2 protein chains.
Amino acid sequence: MLSFTEENYLKAIYHISESGANDVSTNALAEEMKTKAASVTDMLKKLSQKDLVEYKKYKGVKISKLGEAVALQVIRKHRLWEVFLVERLQFNWDEVHDIAEQLEHIKSPLLIKKLDAYLEHPKYDPHGDPIPDENGQFGPISRTPLAELQTNSTGKFVAVKDSSSPFLQYLDKVGLYIGATILVLEIIEFDGSREIEVDGQNKIFVSQQVANNLLIH
Amino acid sequence: MLSFTEENYLKAIYHISESGANDVSTNALAEEMKTKAASVTDMLKKLSQKDLVEYKKYKGVKISKLGEAVALQVIRKHRLWEVFLVERLQFNWDEVHDIAEQLEHIKSPLLIKKLDAYLEHPKYDPHGDPIPDENGQFGPISRTPLAELQTNSTGKFVAVKDSSSPFLQYLDKVGLYIGATILVLEIIEFDGSREIEVDGQNKIFVSQQVANNLLIH
DNA sequence: AATATTTTTTAGGTTAATCTAAAAATGTAT
DNA sequence: ATACATTTTTAGATTAACCTAAAAAATATT
């Protein structure tokens with residue numbers, strides 16, 4: 001049985017590999033886990049021992065097939081719980097992360113099976129992130145940053161790249177929500193900000209940074 | 001912030017005091033916690049330090065007001081989650097204990113507030129145990145073992161004393177469920193077993209031991 | 001290529017929760 | 001009340017996860 005900490009390391013390794021890096025460095029992991037490099041080294045030895053990662057001294061880690069399967073199940077649980085919190089308990093989407101961080105470690109395959117059924121097998125969490133199925137498979141994911149849309153083209157807002165509270169609260173404030181149709185009215189050369197139209201209704205300005213963090217399809 | 005272990009010790013001390021003993025002995029706690037007396041002594045020193053219990057060497061422990069408040073909140077969480085598991089996720093009442101043991105340690109007052117509202121403020125869990133409110137107060141509890149009912153009197157089955165899986169599965173099998181009206185048809189002198197009628201319908205025999213573990217009102 | 005910098009690992013310690021074995025206190029029985 | 005038995009505590013280890021400081025390896029710079 002894996003500890004919460006071991007599960008969190010695997011999730012962190014998975015997430016870092018996902019966004020680029022082939023081998024995950026000790027320092028990158030230390031930062032992600034908010035701990036020190038020396039502690040990471042200790043843990044990597046343990047995870048390697050258990051065949052959850054492939055680790056070679058000074059060479060970084062790569063998650064193993066087994067480790068990936070574990071990480072995906074934890075991610076599945078995290079995202080299912082987020083759906084539950086938002087859709088059933090009426091949490092706002094910026095409030096659920098920390099609670100899901102706790103709930104994702106509850107050990108009961110039957111619980112997840114029943115929760116999934118209760119939620120009617122959701123495919124995406126409240127931030128638009130895909131929920132792996134029982135076998136760790138994702139549904140289709142096709143999304144690009146709003147920043148890549150040309151002037152006068154439209155897209156459907158399907159996910160956020162940054163799911164920090166401040167960003168989500170900003171989106172609430174300006175009336176941007178997942179599912180909205182976005183039309184790019186104008187791209188300002190100077191700073192890369194954009195004027196966009198949401199659902200054919202209100203027009204708003206968003207910075208380049210915001211445009212990079214809104215994923216559309 | 002209390003650890004899971006500290007919360008579990010407080011719950012155990014609360015439960016043991018509840019059912020009798022004024023001072024809880026180190027050995028009783030060791031048994032309840034499935035650990036050794038020496039470990040209990042260590043923990044009692046720590047809990048005492050934090051004013052969660054009153055502990056005097058060789059004299060046993062008593063839970064403090066503060067410790068009791070903590071224990072009651074953990075019990076509240078445990079029982080609310082059990083209601084959720086049975087009423088929403090369709091778990092059987094004999095399957096929920098271990099999962100609730102994990103869920104009870106999730107730290108988020110808002111989560112519990114919302115869960116409670118979502119479940120429509122239940123007053124009892126699936127085993128008939130009362131759920132303390134936000135302030136740790138219980139609703140009215142009046143229940144006696146079926147064993148104390150005279151021949152020809154009736155009672156409403158409101159809770160189980162033993163909530164182990166085997167007992168609950170037995171109750172399922174013979175058709176005894178919380179809310180049922182029970183009429184005592186006959187008490188067999190020889191072994192204390194009884195013939196009872198459930199909801200004015202089927203008649204069954206239950207042993208003395210079963211009669212002691214069915215709580216009626 | 002030699003030196004400097006950064007990254008990673010090792011060595012040795014800490015804390016929480018556990019353990020075993022031995023010592024101390026308490027309780028029981030003649 | 002003394003002796004025996006039980007309970008509880010202390011002493012000293014262990015494991016998981018972390019830490020700091022120093023050493024070693026890898027990488028970058030001149």
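Below, chains carry the letters A, B, ... as their sequence lines are ordered, and counting in each starts from 1. Treat the numbers as computed from the prediction; the structure is a model and nothing was measured.
- Summarising the geometry, the separation between CE on A:Met33 and P on C:dT8 is reported as 16 Å, rounded to the nearest angstrom.
- With a 6.0 Å cutoff to the six-membered ring centre and a 45° limit on the axis angle, B:Arg79 does not count as a cation-pi contact of B:Phe84.
- For C:dT18, the OP1/OP2 oxygens have no side-chain nitrogen or oxygen of B:Lys36 closer than 4.0 Å.
- Taking the six-membered ring where the residue is Trp, B:His127 and B:Trp93 present parallel rings, their angle staying beneath 30° rather than reaching 60°.
- Counting to the nearest Å, the C1' atom of D:dC18 and the NZ atom of A:Lys34 are 16 Å from each other.
- For the pair A:Arg143 and A:Phe157, the cation does not sit on the ring face, since its NZ or CZ is not both under 6.0 Å from the ring centre and inside 45° of the axis.
- Distances shown here put a side-chain N or O of B:Ser39 below 4.0 Å from the OP1 or OP2 atom of C:dC19.
- Put simply, CD on A:Glu7 is 16 Å from P on D:dA16, counting in whole angstrom units.
- The nearest whole Å value for the distance from the CE atom in B:Met1 to the C1' atom in C:dA16 is 16 Å.
- Using a 4.0 Å heavy-atom criterion, one finds that B:Tyr9 contacts the sugar-phosphate atoms exclusively.
- Taking a cutoff of 4.0 Å between a charged side-chain nitrogen and a carboxylate oxygen, B:Glu101 and B:Lys11 qualify as a salt bridge.
- The interatomic distance linking B:Asp23 (CG) with C:dT26 (C1') rounds to 14 Å, in whole Å.
- When rounded to the nearest whole Å, the span between CG of B:Leu29 and C1' of D:dT7 equals 14 Å.
- Residue B:Thr5 is classed as a sugar-phosphate contact, given heavy-atom separations below 4.0 Å to backbone atoms only.
- Cation-pi contact between B:Lys62 and B:Tyr55: absent, since separation from the ring centre below 6.0 Å together with deviation from the ring axis within 45° is not met.
- Atoms CE (A:Met43) and C1' (C:dT10) sit 18 Å apart, rounded to a whole Å.
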Legend entry - Under 4.0 Å protein heavy-atom contact, by nucleotide of nucleotides 8-15 of chain D - B base, S sugar-phosphate only: BBB-----
Only pairs under 3.5 Å count here: list side-chain donor-acceptor contacts from residues 36-45 of chain A, not counting sequence neighbours, and write none if there are none.
from, atom 1, to, atom 2, distance (Å)
A:Thr41, OG1, A:Ala37, O, 3.2

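- For B:Tyr124 and B:Phe138, the gap between ring centers reaches or exceeds 6.0 Å.
- Rounded to an integer number of Å, the gap from CZ of A:Phe4 to C1' of D:dC18 is 18 Å.
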